[in-house]
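Structure first, commentary second.
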Amino acid sequence: MKGPGPRVYAAVYAALMALLGVTMALSAVDLGPFGAAAAFSIAAFKAILVALYFMHLRYERGLLAVFASAGFVWLGVLALLAYCDYLTR
Amino acid sequence: MAEPTATSYLNAAYTARSWLLTLDHKRIALLYMVSITFFFFVGGAAAVLLRLELLSPQADLVVAETYNRLFTIHGVIMVFFFLIPAIPAVLGNFLVPLMIGAPDLAFPKLNLASWYIFMLGGSLCLVALLFGGVDTGWTFYTPFSSLYSNSNVMLTALGVFVAGFSSILTGLNFIVTIHTLRAPGMHWFRMPLFLWAIYATSLIMVLGTPVLATVLVLVALERGLGIGIFDPRLGGDPLLFQHLFWFYSHPAVYIMILPAMGVVSETITCFSRRRIFGYSFIAFASLAIALIGFLVWGHHMFVSGQSMYAGMVFSFLSFLVAVPSAIKVFNWTATLHKGRIRLSTPMLYALGFIGLFTLGGLTGVMLATLGLDVHMHDTYFVIAHFHYIMVGGAVMGYLGGVHFWWPKISGRLYSEWWGRLSALIIFIGFNLTFFPQFLLGYLGMPRRYHVYPPEFQVFNVFSTAGASILGVGYLLPLAYLLWSLRYGPRAEGNPWLASGLEWKTPCPPPVHNFDATPVVRHGAYAYGPDGELRDA
Amino acid sequence: MDSVPFFPPQASSMAAQTDWLYALSLGIALFFSLLIAGLLLSLAVRYEYRREVDRSNAVEESLGLELLWTAVPLALVMLLFFLGAKLFFALRRSPAEALEIHVVGRQWMWKVQHPNGRREINELHVPIGWPVRLRMISQDVIHSFFVPAFRVKQDVLPGRYSELWFTATRGGSYHLFCAEYCGTSHARMVGRVVALDPAEYQRWLSGFGAAQQPPVSPQAAGAALFEKMGCAVCHRASDGRAPTLEGLYGRRVLLADGRSVLADEEYLRKSILTPGWKLVAGFAPIMPAYAGRLDEEEILQLIAYIRSLQRGARHG
Amino acid sequence: MPEEAIFEDALERRQAAALGMWTFLATEVLLFGALFVAYALNYHLHADAFREAARRLEHLLAGANTAVLLSSSWTMAMAVHSAAAGRRRSLLAYLAATMLLGAAFLGVKAIEYRTEYEHGLFPGRFTWQGPAPARLFFNFYYALTGLHAAHVSAGLAALAWLWLSAFRARLDPRSVAAVENTGLYWHLVDMVWIFLYPMLYLMGRAP
Ligand code: HEA
Ligand code: HEA
Ligand code: CUA
Ligand SMILES: [Cu+2]
């Protein structure tokens, strides 16, 4: 199917590298509990960029997005209910 | 054997190569059928030995080491190498393309690869068995499995790990096939309910099995390379393994039951000559069971040291998952109303399934009751619960399906008299084997015990007696089905006058399934008011 | 009620409640199983294909019915959930005044120590009519302490304490089973629980059992260990290099990373075995890790000793 | 049944392949994810020790390695693009670049492992006297990065095979699809690392 062109790829690549730099810089600053939150939000954003553009998810049928997110949703279930035990012990 | 007139998938070629390298989903289904039958009898032989040992309170037939290996291999083989692949890989493989009007599954090579992967996993477990066996129980709890057991844990875990990928690939194949290869007009809500069940099962296979794979790798790392992940001496949490294991293994029980439910929806309509009652409720119940089934795993851990609050959440969700099952049972029952009921062999199995599944499921509900499970956990009550569902339910569903589609698969008719007789024997033997175990369980007999206090003996004797009847009951179909292959009368076209695309093909079907892609114009179960076939 | 068939003896305060819940849920299970079986059979007979009966106006769908058979099971399971959770709470919440007995499980035996120090193996003597709390831990794999007559069961984990409590209500000797598979002799990790009149229990406690000397209470044994293992060197030093342990038990402790945790048994255990796991605010990480140098029984004794150190009390 | 005859047309065939591939990727997400969740739960139990242990890792080297892997994702995306456009020579070049970057990633990882070995942080040769659960952290670290490295290696093998077949023959729709699917796999492995990197290396860094 139609994919994005080299310019989009270059832009995404640049964004990914920039975000990597931000992550590394932030890790040296003490943000308390927000440190982890920031690091993982950035990671999630990077992952979404990769999925949408490098992996063309943006240009595909919606069904693929459903299956692509299923893995993450199920992982969320695992994490949620396991934490439900660990946090209340 | 008289030569059939048309070439079917069975007589298209006769060489061993034409079987072992076949890409035909129907032949692959038969490869699976032979393999899982073999595994069933291996697991069954272990069960026979277990039951013989339990005849008396002392250890007189086998020593503790042997007994522990027996129930482990029984559980591992029956779960991973018999029941999980049973209906999906045999009947699912055979029927999914036929039922949606497709020439094959979406990825035939992958399908064949799944079988080889399955056999590789099975062989590894058999090798582990031959070289001394494994004694962890099918649940592989750490730290026993990872640090203490002196048996072939690595090899067995590897075997199960490998077989898991076969399961993943089969599920993936079904999902893609059902999404992309439905014949024109075969909308989702026109599909036979068997396909809904297989689809829901495939989702579980695809989304659950990888976690099992990971957790087995972690046990292997800890055991083989000293890379401790669960090791309590390093601060590892003993419950982590259980969480990850049951995240897969509870949904896995629905891998075993959902397809059997699918079979029941097909047979019960055909032998009542009636459309199914509440089609969409049954279809959505399958999906609901698959989804909610992922949220309840902690009910295996109520007394494990899991937090009390987590126990309550898991108990609550376990109760919720019972509701869609109840919906299915009631809808099947309502389907009989005003039907034209013929108690043929597949119908007997279907009715047996519904009854025994109901009792098995409701005892599951009792186990989900927090305060009660404290007493009943790891007793024979649990053993009875799951054998009611897995043997009384799923195995009966499988046998019912095999009988129902036997003419389609083999082109032959089996003896109805023997069929009904053995269904009856199995039903009686089954109840005699496992009902006493409910009572034993509440009395407090723990599972995985080869010696037990003498007051438990009476029920154990009943149970062993029942198991021998059950064993005979399982040998009979093996005999008369094989016999029918050679001497049974030929099946002409549609022996049950059943609806569904699979019956629009000759028996047995040709290699290509359909000469022309069928066009579907109405929903499943096209039985008219007088029980006549409407899509003939 | 020894004579009730299909029920184990009812010998604890929870047994009757559990049995009622069992009877109720079994009643529901049997009712629906028989209902379904009865419906299947009667429909199969009535609508047998050769029989001429009225088959007109067969329904294929009925929202009302679907709602009915969704709602009724839902209501029933919610009832069971409520009752089950209530019983579970009761089974988990031990009364404060309970008598605390230490249980250490290992492949394949149960080692028990009573508050006065009397030990026993694969047997547990308890008084009737007084709550008993077991503080349990395993030296190796997971075990499970199961007394059918009391309707209680709790897994015994390595590396972490678990608790179980009950009040015995009837004298006698009852089965004790290990319910979690733990290896070769799992089926032989059994014993008995003996419920005695309180007076008899006291008499039994003061006996020596198999031991030659009078028993040493865990507290006293812990005090001796406290000296022997060198804990006293730091924890009784006057230079404040280590925190005082008086009144520690049950208090919240402020840690160096700003969290505060409750000083319960689990905390004390970890503090002794792996002090680096947490650091008390204001102290240097000088305490050596005792993991591997103390066995589970000794740790329980040290904890019993630390628990006995009340604020203001002088060190023994 | 020959595979060609199963689908009506190339579009249906491609859709099936894409759905199959994405479903497979979902299983990969869960395969790694289970380990991630296990790690997170243990982090919850031993936060201090884990942070302390994490400070022993070579986070700068790993940061550079992240850049290498991100770059390989970009070259992979360009490879897919070239294949779809039928430009065989640029496909070969981008595939080669991706392989080179992938191999470089593994090389740097090996250097890291060696440093850890020398510092006594390796299973079987663990001599660091850190807080007790620190070993647990390192075991997770080896399990996670090892599993990831195994996936990178599998990806390299697939890339090598693609390169050879593209070198030997003209591009047909099947090989374009193969490049696309390998690309999806490669990006997923990259994505796993995107999460692994902060989770393992950066947790303990803030002062
Ligand atoms: C195919 C297999 C299968 C299936 C389908 C189920 C289905 C269910 N199981 Fe079972 N289970 C196992 C296989 C299965 N189980 C196995 C193998 C184990 C032991 C593992 C081990 O430790 O080795 C086990 C263990 C197990 C436990 C843990 C016991 C313990 O170890 O302490 C629990 C606890 O909640 C439980 C609950 C349930 C419930 C609530 C359902 C529900 O899904 C059942 C739903 C069905 C119904 C409810 C019946 C139909 C309903 C009606 C006709 C109407 C009326 C309904 C109501 C009034 C509610 N199961
Ligand atoms: C699909 C799953 C499945 C199936 C079909 C069965 C089938 C049977 N099971 Fe199984 N069982 C499990 C799954 C299953 N089981 C699991 C998961 C466990 C838990 C394991 C664990 O704790 O880890 C278990 C445990 C288990 C126990 C408890 C052991 C213990 O805890 O100590 C018992 C005891 O009675 C038992 C009995 C039986 C019997 C009598 C059958 C019968 O239905 C079998 C009937 C079949 C035959 C009888 C075969 C016929 C073959 C012959 C007649 C040839 C005979 C040949 C020789 C003797 C050489 N099973
Ligand atoms: Cu200890 Cu079983
Ligand atoms: Cu379950």
Side-chain angles (χ1 to χ4, degrees), chain B residues 9 22-26 97 102-110 164-165 168-169 171-173 175-177 179-181 184 202-203 205-215 217-218 221-222 225-231 233-237 239-241 243-244 247-248 511-513 517, chain D residues 1-9 11-42 44-46 48-50 53 122-126 131-144 146-147 150:
Chain B
Y9 82 102
T22 181
L23 296 180
D24 184 337
H25 66 103
K26 302 180 283 306
D104 207 315
L105 289 179
F107 308 117
K109 285 184 192 150
L110 200 64
F165 284 94
I168 291 178
L169 296 179
L172 188 152
N173 220 336
I175 289 177
V176 175
T177 305
H179 269 286
T180 51
L181 288 179
S202 304
L203 286 179
M205 287 175 157
V206 162
L207 294 169
T209 321
V211 175
L212 176 74
T214 301
V215 76
V217 167
L218 293 181
L221 285 181
E222 178 153 326
L225 300 179
I227 303 188
I229 297 285
F230 309 109
D231 187 348
R233 290 168 309 192
L234 303 180
D237 183 48
L239 297 195
L240 177 61
F241 172 86
H243 277 297
L244 296 177
F247 177 81
Y248 165 74
V511 176
H512 294 266
N513 292 353
T517 307
Chain D
M1 170 103 304
E3 287 198 34
E4 283 69 25
I6 294 176
F7 297 97
E8 293 267 291
D9 52 31
L11 175 68
E12 198 178 67
R13 186 191 176 80
R14 190 201 163 274
Q15 286 188 338
L19 183 59
M21 193 62 200
W22 277 97
T23 311
F24 171 70
L25 295 184
T27 71
E28 288 279 13
V29 167
L30 282 155
L31 188 85
F32 275 103
L35 201 45
F36 274 68
V37 171
Y39 170 88
L41 293 169
N42 272 283
H44 168 76
L45 294 177
H46 312 291
D48 287 349
F50 270 39
F122 216 69
R125 193 175 173 280
F126 198 87
R135 262 188 78 181
L136 204 57
F137 172 86
F138 280 99
N139 289 344
F140 269 110
Y141 164 76
Y142 292 114
L144 278 161
L147 188 64

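Just so we're on the same page: letters track the sequence lines, and every chain starts at 1.
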Exercise. Do the ring centers of D:Phe122 and D:Tyr142 come within less than 6.0 Å of each other?
Worked result: yes

Seminar exercise, completed: Most heavy-atom pairs under 4.5 Å with chain B, out of D:Thr23, D:Asn42, D:Leu41, belong to D:Thr23

Problem set entry | Heavy-atom pairs under 4.5 Å with chain D, option from B:Leu181, B:Leu244, B:Leu221, B:Ile168 with the top count | B:Leu181

Exercise. What option among D:Ala17, D:Gly20, D:Pro123 has the most heavy-atom pairs under 4.5 Å with chain B?
Worked result: D:Gly20

Exercise. Should B:Leu218 and D:Leu35 be marked as a side chain to side chain contact (heavy atoms under 4.5 Å, CB included) after you check the CA-CA gap, both sets of side-chain angles, and the distance that decides it?
Worked result: CA-CA 9 Å; B:Leu218 293 181; D:Leu35 201 45; 3.5 Å; yes

Problem set entry | B:Leu207, part contacting chain D, at a heavy-atom distance under 4.5 Å | both

Exercise. So which part of B:Ile229 gets closer than 4.5 Å to some heavy atom of chain D, the side chain, the backbone, both or neither?
Worked result: both

Problem set entry | Heavy-atom closest contact (D:Thr27 atom, B:Pro210 atom, distance) | O-CB, 3.3 Å

Exercise. Parallel, tilted or perpendicular: which describes the rings of D:Phe50 and D:Tyr39, with under 30° parallel and over 60° perpendicular?
Worked result: tilted

Problem set entry | Heavy-atom pairs under 4.5 Å with chain D, option from B:Thr517, B:Thr180, B:Ile227 with the top count | B:Ile227

Exercise. In terms of the angle between their ring planes, are D:Phe137 and D:Tyr141 parallel, tilted or perpendicular, with boundaries placed at 30° and 60°?
Worked result: parallel

